[in-house]
Amino acid sequence: MGQFKSKITGSGPGIHQANPEEGPPRYSSHHFDSSINPNSTISGMSSESGQKDMELRKTSIYNTIDMAPQLEYYANTLPHQEIKIRPSLDVLRKTFEMRCMLNIWGVILFLRLTWITSQAGIVLGLVIIALAVSVTTTTALSISAIATNGRVKSGGTYFMISRTLGPELGASIGLIFSLANALAVALHTVGFSEVVRDLMRSRGTIMVDSLNDVRIIGVVTVTILLFITFGGMDWEAKAQIFFFIVLMASFADYLVGTLIPPTLQKKSQGFFGYDRDIFIENLTPSWRGPDGNFFRQFAIFFPACTGILSGANISGDLKDPSTAIPKGTLMAIFCTTLSYVVIVITSGASTVRDASGNMTDLMTENSTSGCLGPACKLGWNFTTCVQSQACSQGLANYSQVMGLISGSYYLIVAGVFAATLSSALGFLVSAPKIFQCLCKDNVYPYISFFGKGYGKNNEPLRGYILTYLIAVAIILVAQLNIIAPIISNFFLCSYCLINLSCFHASIVNSPGWRPAFKYYNKWTALYGAMASFALMFAFTWWAALGTWFAISLLFIYITYLKKPNVNWGSSIQASSYNMALSFSVSLTDVKDHVKNFRPQCLVMTGPPQQRPALVDFVGCFTKQVSLMICGNIIMEPDKQTQFQDSTDQYVKWLNKRKVRSFYTQFTAKTLRDGVRYLMQASGLGKLKPNTLVIGFKSNWMESSPTSIDDYVHTIYDTFDANYCLCILRMMDGLDINDHADFKENQGFEPDEAIESNDHQLPEKNSANDISENSKSDQVKTVFKNAGGTKTIDVYWIADDGGLILLVPYLLTRRKCWRSCKIRVFVLGDEENMMESRDAMMALLKRFRINVTDVVVMTDTERSPQPKNMNRFLENVAPYRLYDEQQEDVSVQELKKKEPWKISDKQFEAFRLKSERKVRLNEIIRRNSQNTTLVLVSLPVPHGDCPSALYIAWLDTLTCGLHCPVVLVRGNQENVLSFYCQ
């Protein structure tokens, strides 16, 4: 071995050039300097040399056209990739957690949290918060894992679920989640409207009545928010920053207010400042009214935690979603949870549940006899309003307790406005963006109209209008406690599927599941999914049933009707692979048993659409029963002209025909070699073919002797491989109205009816042309038609293990063949005809095969009719030597010239067998002219039988019938059993 000598002339820094014949280049350690920006350009380099350097860096050392790994090759792997101009939202990108916090803080915080505290008490109130936060935290961890497992585009939650679980569940939840966000707009708008209505009533202003005032204010408010969204994301971001500042000021105002000594007016309304007795009294629950139970209160509170997905929903507008989503979401959950805990404890420790608001309830005497509640020790007697249930103030009766406690009531009102409007605005933006992504995926029909974007930021203006209309319809309900549980149900369903997505992606061990966020666990994700599912039914069982029913209908539609042509590399695909691999491996330990025998077929179809009858015949008795593989042998001289991408198109054709089959092709010099290779290589473990199915060589008399010999020796190889064999012959039974065009494979002869078609594909057609014509090439065959009340005739001439009986039994299990009757024909003699018939009937009965009749053939040994024998002799004549008529030439010399021909000695040796075949054909034609299908035992070829004579036998056995004929031969092993073990 020679030594490597390096040359350093012209080498760059860190690279020692080597002669291409001497060895690869050697790199010094400083060449891989991680501090160098790969996108930077050396200032001293000319543009021409820089371009040349870039070209060199992109080329692999293996080949000048073999490119080195680069980011660009992976960035465009998503289908329909578009280059988009992102909006200028630097402030929003840097403060991502602000958006989540604004959407989490909402109407429930200011208008319902103190009321929930009065109902559930401080302890159960904190339990409600902890349980809700446990669900949202596990969901946030799952979101973080999914968001960091590759680039997240626009579409938020829908994009994450659909690209993880696939379009079936992703599209379903995408539609539900878009609706949930639209309903959330109405929820927060109604909360805002209630506050405005109460302010107007305190001023003595009433437009219509209490309920209609909420509706009017709500519709006007959501209309204004719609125009803000029309201004674009920049306007929306600025509005959210303003709302955030107001919210922070209102929280500070509330905390300061809890420390300021209350006035007499505030005491009359139930606020006394921090007090031990009030705190102890409010620790335990006090359930009241129709909403007075734990799960109902939980359902009302839960929308206060649903804003965790608001940032993820605008993932397309984030500069770095993979970083912003985990940090922002988790930080927002922590901050909002802390605020909820503080409000529950401070309000429960400073405000009584019931108060009248009347100054006359101030006790002037020290006596507290007859006084109820902790307010008695503080000098106030609210017993009268408590007993009459007429109290209008306190935690249990006044929805704006936070304004009462705060230092400035109007600052709290401003906080309510900011919380409700910011949440409504956030959901009004996120719902159309989720729906826009769903529309662009074209999963559901008739919704692509809403996928159109406008402007440089691709704003979904049509989606905004649709969300606005839905929100207006829900605002007209004007009942906060009715809307909240329904929204909780939708969001819990979304959280359930998000956690399920993370759990499923983790448990299937797909190599593509590599999230950069490591602080998640598949079992916490499973807990989040199960908890969300259980809480849905605990909150509102009828709404949960309706939600899952709707998702099930959408799932069925996508799976069985729509079947979108998308491939997102979902975890469902990875799971399918895992299950298939696991079951396939486990099958290797299962021993074969006659009761579990299944005809696993290797069908030599060539291009499948070239032989639809052969495909349909095998598909009828293998679908959902056993393995079917369509094989295609490509001759080596023709492999350059074969479609390189034809495999996928043939599989699509099979799927469109609803045939459950694999497709495989093999390149070989001859048909025989290709079939032999396929029989050895096809299958996996126990999922391996045991039956070869081929078409009959109907043009054998026009074929070359080599082709005939190749065909017959394929049959020899089949038996040598211990395979069963079926040969299908179609006469004029193909029910085809419009034949498909195809490129003929020279390794096969097409079906007779298709062969008569004059149409041919142009030589330069591509596989895409086949796909475009896939609708027209679904020709109809007799095996797709109902068999009616006709019969299937089985000529069981030789006992091969029972395959000839198993095939028609499997056929009659299909709907279109179910009404067909099976008749069995067996050999016998006249003297013992009844005994033979009864014995066969008993055997078939023990096989549990429903046979309508058994016919004993007693005349098979008679001589055939002369005209039929003469026809056979005419067919064989071109392949005979007639050596006895040539006295001057020996048989060996004639055989040497034409080895495929039949000598007179060979012909006479097999004359009796030939006559039997002709006679059997006469019997078949006499008894089975009007049957649906005929199955005949295939004669096993003798080693010294000439190929031409053997194929003439097969032709003679099956000629003269207008129905399909199948020659069947098992491998001499039992496929039927009447024993239980």
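Here the structure is a predicted model, which means the values were calculated and not measured.
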Looking at [Y], is its backbone amide N or carbonyl O close enough to the side chain of [X] to form a donor-acceptor pair, meaning the two atoms are under 3.5 Å apart?
X: Arg598; Y: Val625; value: yes
X: Lys669; Y: Met635; value: no
X: Asp800; Y: Gly970; value: yes
X: Asp799; Y: Gly801; value: yes
X: Thr718; Y: Tyr723; value: no
X: Ser586; Y: Phe583; value: yes
X: Asn578; Y: Val508; value: yes
X: Glu908; Y: Asp904; value: no
X: Ser661; Y: Met628; value: yes

**Prompt:** With sequence neighbours excluded, what pairs up with Tyr677 under the ring-ring contact (aromatic ring centres under 6.0 Å, His included) test?
**Reply:** Phe666

**Prompt:** Taking the six-membered ring for Trp, are Tyr711 and Phe696 parallel (under 30°), tilted (30 to 60°) or perpendicular (over 60°)?
**Reply:**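 Tyr711 and Phe696: perpendicular rings.
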
**Message:** So that I can tick it off, tell me whether Asp955 and Arg729 are bridged by a salt bridge, with the cut-off set at under 4.0 angstrom between side-chain N and carboxylate O.
**Reply:** yes

**Asked** Does a salt bridge link Glu922 with Arg919, judged by any charged N lying under 4.0 Å from a carboxylate O?
**Response**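 Yes, Glu922 and Arg919 are salt-bridged.
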
Identify every side-chain donor-acceptor pair in residues 933-944 under 3.5 Å, counting partners at least two apart or on other chains, and give the distances.
residue : atom : partner : partner atom : Å
Ser937  : OG   : Tyr795  : O            : 3.3
Ser937  : OG   : Ile797  : N            : 3.1
Ser937  : OG   : Ala798  : N            : 3.4

**Prompt:** Side-chain donor-acceptor pair under 3.5 Å between Asp709 and Ser947, yes or no?
**Reply:** yes

**Message:** Any donor-acceptor pair under 3.5 Å linking the side-chain atoms of Asn921 with those of Arg925?
**Reply:** yes

**Message:** Are Tyr663 and Trp653, when compared by the centres of their aromatic rings, separated by less than 6.0 Å?
**Reply:** no

**Item:** Atom OH of Tyr809: over 12 foreign heavy atoms under 6.0 Å
**Value:**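 Counting other residues, nucleotides and ligands, OH of Tyr809 stays at 12 neighbours or fewer.
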
**Contact list for residues 612-625, test salt bridge (Lys or Arg N to Asp or Glu O under 4.0 Å), sequence neighbours left out** = Asp616-Arg657

**Identified ring pair (Phe, Tyr, Trp, His ring centres under 6.0 Å) counterpart of Tyr879 within the set Phe872, Tyr950, Trp700** =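 Per the ring pair (Phe, Tyr, Trp, His ring centres under 6.0 Å) rule, the option paired with Tyr879 is Trp700, out of Phe872, Tyr950, Trp700.
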
**Item:** side-chain contact (heavy atoms from CB on, under 4.5 Å) between Leu687 and Gln600, intermediate numbers included
**Value:** CA-CA 8 Å; Leu687 294 176; Gln600 303 188 126; 4.1 Å; yes

**Message:** If you define the side chain from C-beta out and look only at heavy atoms, does anything of Leu873 sit under 4.5 Å from Phe907?
**Reply:**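 Touching, per the 4.5 Å side-chain cut-off.
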
**Message:** Here's a test for you: under side chain to side chain contact (heavy atoms under 4.5 Å, CB included), which of Leu806, Thr691, Ile804 qualifies with Val968?
**Reply:**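 Result: among Leu806, Thr691, Ile804, Ile804 is the only option passing the side chain to side chain contact (heavy atoms under 4.5 Å, CB included) with Val968.
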
**Face-on cation placement of Arg969 at Phe719 ring, 6.0 Å and 45° thresholds** =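 Not satisfied by the 6.0 Å and 45° rule.
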
